[in-house]
Amino acid sequence: MAKDGAAGGPDWNGLLKWSLAHGGDGTTPSRALSDEDRKWFMEAMQANTIDVVGRMKEIAQVMKTPDDVLQSHGVTTENIEDMLEELQEHVESIDMANDLHSIGGLDPLLGYLKNSHAGIRAKAAEVVSTVVQNNPKSQQLVMESNGLEPLLTNFRSDPSTNARTKALGAISSLIRNNQPGLAAFRLGNGYAALRDALGSDDARLQRKALHLTQYLLHNKADRSAATELGLPNQMVHLASSDDSGVREAALGGLLELARDKTVPDQDKLKDILRSRIESISAMDADDLQAAREERQLVDSLWKACYNEPSSLREKGLVVLPGEDALQQAPDVAGRMFEPPLRAWAAPRPAPTEESDSGSGKKDPPLLLGP
């Protein structure tokens, strides 16, 4: 039996044949392993196992290293972004996310939110979002490390729209089901930043701002704060956006307000809903399928505001033949807060010369010399 693959790595074909030969199909007894086979099997498995904690410690050490030292070792901005992408994969495991602080990696990660390069600020915010999402322990650790402050700063005023959007995503994950985070968001003038984001011309930033706004509208005090700043009027305007995701998010937020009878400018909203009903009525079958959530939201909002079914229902366009009727209007904002896959990704194959030249990415240098 060959113990090594052609390239010196694990012989995966041999491992598969060995497993089939020794494991059987469950109907025949398996035979005892020889010491040689047992040793080979363990070596083959360990050769493809990464010391994740060790890698995270190396990444933490790089993040603690001053920029001029990194540059003197040939570390580029792209290397740092690739390194942060790797870290993000590791912290998808909730255990690894919670260990990031204990190995000294959380504070330097938060420090990267203030980096001079927009790409690094954006990627650091993505990692923070993964660390804290649906993770109360890491939410508390980030709050204790004052991590919300740089996120709010970037969300409010970063010259890079991408960095602003990523910061908003991290804020959304950090303050969800986190009362201290919500309180700090309010005190940090977060609502004014949301108002500015809703007024931007970037659809991605608008969508994320609408999702967070819809989540906040579940709370009566937050509804009052949002109303005082004019966010509901902005949502009415965005309900006629050319971007379908923005429209759906705006309609979802307005539906939340309609349940509390606090929708503003209902005459303007009625005109917008009529326009959407006309557009939906003229759609072909494929577009109607793609607009399923919007159809549900328009009909639900019309009924909530005007106490009658919309003409979409009369035309049979709310639930198409073959579709199941939804028991409630779709939760557009909820998708944003679904937990990430906190599971180990399959180990990647070693890069070949062909893949290196195709991707243009190189492994980031993680170990620094003296």
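Just so it is clear, the model here is predicted, and its values are computed rather than measured.
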>> When you compare the side chain of Tyr306 with that of Leu273, does any pair of heavy atoms fall below 4.5 Å?
In response: yes
> Taking atom types as modelled and ignoring hydrogens, do the side chains of Asn79 and Thr76 form a donor-acceptor contact shorter than 3.5 angstrom?
Replying inline: yes
N/O donor-acceptor pairs under 3.5 Å from side chains in residues 226-233, not counting sequence neighbours:
from: Thr227; atom 1: OG1; to: Arg223; atom 2: O; distance (Å): 2.8

> Do the side-chain N and O atoms of Gln140 and Glu144 include a donor-acceptor pair separated by under 3.5 angstrom?
Replying inline: yes
> Is the shortest distance from a Lys or Arg side-chain nitrogen in Arg247 or Glu294 to a carboxylate oxygen in the other one below 4.0 Å?
Replying inline: yes
> Considering residues at least two apart in sequence or located in another chain, which fulfil the salt bridge (Lys or Arg N to Asp or Glu O under 4.0 Å) criterion with Glu126?
Replying inline: Lys123, Lys166
Pairs under 3.5 angstrom only: tabulate donor-acceptor contacts from the side chains of residues 102-114 to other protein residues two or more places apart or in another chain.
from: Ser102; atom 1: OG; to: Asp99; atom 2: O; distance (Å): 2.8
from: Asp107; atom 1: OD1; to: Ser145; atom 2: OG; distance (Å): 3.1

> Is the shortest heavy-atom distance from the side chain of Ser310 to the side chain of Ile277 under 4.5 Å?
Replying inline: yes
>> Donor-acceptor check, side chain of Arg156 to backbone of Ala193, threshold 3.5 angstrom: yes or no?
In response: no
> Would you find a donor on one side and an acceptor on the other, under 3.5 Å apart, between the side chain of Arg295 and the backbone of Leu288?
Replying inline: yes
> Under the side chain to side chain contact (heavy atoms under 4.5 Å, CB included) test, which residues partner Asp196, sequence neighbours left out?
Replying inline: Arg164
> Taking only residues two or more places apart in sequence, or in another chain, which ones meet Arg313 in a side chain to side chain donor-acceptor pair (under 3.5 Å)?
Replying inline: Asp299
>> Is any side-chain heavy atom of Val263 closer than 4.5 Å to one of Met235?
In response: no
> Taking only residues at least two apart or on different chains, which pairs with a member in residues 178-192 satisfy side-chain hydrogen bond (donor to acceptor under 3.5 Å, both in side chains)?
Replying inline: Arg186-Asp222, Tyr191-Asp222
> Will you find, in the side chains of Arg176 and Asn134, an N or O donor that is under 3.5 Å from an N or O acceptor?
Replying inline: no
>> Any non-hydrogen side-chain atom of Asn146 less than 4.5 Å from a side-chain atom of Glu149?
In response: yes
>> Does any part of the side chain of Asn307, heavy atoms only, come nearer than 4.5 Å to the side chain of Lys303, both counted from C-beta?
In response: no
> Are the side chain of Glu248 and the backbone N or O of Glu293 linked by a donor-acceptor pair below 3.5 Å?
Replying inline: no
